[in-house]
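What follows is one structure encoded as structure tokens, with my remarks underneath.
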Amino acid sequence: MHYYFCPICGSKLVEKAAGDDGKVPFCEHCYKYWFDTFSNCIIVMIYNEFNEIVLCKQNYLSDIYYNFTSGYMTPGENAEDSTYREVKEELGLEIQKLDSIGTFWFEEKDMLMHAFIAYVPKAKLTISSEIDEAKWIFYREVPKLIFPDKPGNAMWHMYRAFLKQNKLDQI
Ligand SMILES: [Zn+2]
């Protein structure tokens, strides 16, 4: 998000040089720069000992496609903390092993996605009210069910990383 008015006092911001960052919106009243901001989210692909993956559906996003588990980070958390918390809150699961597989810029939502693969022994899913449906799906069935592959869709990077990491068949 780019700022045009000061979020504190409402004054119109001016463009002012800020070192190597070039010109940045500046409030002459609060004497403060307002750098562009964006949301940070985690996205996690959860697998079990049977190579099943948790897929979630949120009807407001799509009534056809499934997603991995995701959520907004909150201030004070690192991405790992957020991931443990979201997985517990949304699915009632405890992560036993967590691997970071990098970050992805999600253009459509102006969002930085912190992507993880998590191992959780198979257990019943206890879903929160944020999710309409969640289930364990054998990994080979996943490509048919998730949002189509396109640049910016972190799920496909994660799925391919999972196949490689577990020496499973490529698709
Ligand atoms: Zn101000």
Checklist entry - Where do E86 and V44 land on the side-chain contact (heavy atoms from CB on, under 4.5 Å) test, with the steps shown first? => result CA-CA 9 Å; E86 288 286 348; V44 54; 6.0 Å; no

Item to check | Set of side chain to side chain contact (heavy atoms under 4.5 Å, CB included) partners for P148, sequence neighbours left out | outcome: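 In terms of side chain to side chain contact (heavy atoms under 4.5 Å, CB included), with neighbours along the sequence ignored, P148 is linked to Y65.
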
Checklist entry - Which residues satisfy the side chain to side chain contact (heavy atoms under 4.5 Å, CB included) test with S82, sequence neighbours excluded? => result I42, M73, E77, R85

Next on the checklist: Is there a side-chain contact (heavy atoms from CB on, under 4.5 Å) between L91 and C56? Walk through the geometry before answering.
Outcome noted: CA-CA 9 Å; L91 302 165; C56 302; 4.2 Å; yes

If you take all heavy atoms of [X] and [Y], which pair is closest and at what distance?
X    : Y    : answer
W136 : A123 : NE1-O, 2.8 Å
N48  : P121 : CB-C, 4.2 Å
K57  : S62  : CG-O, 3.8 Å
K122 : E49  : N-OE1, 2.8 Å
K124 : L93  : O-CD2, 4.0 Å
E90  : S70  : OE2-O, 3.2 Å

Do side-chain atoms of [X] reach the backbone of [Y] as a donor and acceptor pair under 3.5 angstrom?
X    : Y    : answer
Y159 : Y139 : yes
W34  : Y4   : no
W156 : P151 : no
N59  : D132 : no
N40  : H114 : no
N166 : L168 : no

Item to check | Check: W105 ring centre within less than 6.0 Å of F38 ring centre | outcome: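 Yes, ring centres under 6.0 Å apart.
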
Checklist entry - Can you check whether Y66 and F147 have ring centres sitting under 6.0 Å from each other? => result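 No, they do not, as the ring centres are separated by 6.0 Å or more.
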
Checklist entry - Would you call E108-K150 a salt bridge at under 4.0 Å N-O? => result yes

Checklist entry - Which of parallel (below 30°), tilted (30 to 60°) and perpendicular (above 60°) describes F35 and Y33? => result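 Judged by the thresholds at 30° and 60°, the geometry between F35 and Y33 is tilted.
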
Any chance you could measure [X], atom [atom1], to [Y], atom [atom2], to the nearest 0.5 Å?
X    : Y    : atom1 : atom2 : result
L13  : K32  : CG    : NZ    : 11.0 Å
T83  : I117 : OG1   : CD1   : 12.0 Å
D63  : E133 : CG    : CD    : 11.5 Å
I146 : I137 : CD1   : CD1   : 11.5 Å
K135 : E141 : NZ    : CD    : 10.0 Å
M1   : D110 : CE    : CG    : 10.0 Å

Residues forming a side chain to side chain donor-acceptor pair (under 3.5 Å) with [X], sequence neighbours excluded:
X   : result
K88 : E94
D36 : H2
T37 : Y3

If you group Ile, Leu, Val, Met, Phe, Trp and Tyr by side-chain heavy-atom gaps below 4.5 Å, do [X] and [Y] land in one group?
X    : Y    : result
M155 : M45  : yes
F106 : I101 : yes
F138 : F50  : no

Next on the checklist: Run the side-chain contact (heavy atoms from CB on, under 4.5 Å) test on C30 and C9 for me, step by step, so that the C-alpha distance in whole Å, both residues' side-chain angles and the decisive distance to 0.1 Å come before the verdict.
Outcome noted: CA-CA 7 Å; C30 301; C9 72; 3.8 Å; yes

Checklist entry - Please walk me through it: do Y119 and Y47 pass side-chain contact (heavy atoms from CB on, under 4.5 Å)? => result CA-CA 5 Å; Y119 171 72; Y47 71 101; 3.6 Å; yes

Checklist entry - Do F68 and L55 come close enough that some side-chain heavy atom pair is under 4.5 Å? => result yes

Item to check | Minimum side-chain heavy-atom gap I43-F116 below 4.5 Å | outcome: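 Answer no - side chains too far apart.
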
Checklist entry - Quick one: salt bridge (charged side-chain N to carboxylate O under 4.0 Å, His left out) partners of D149, sequence neighbours excluded? => result R160

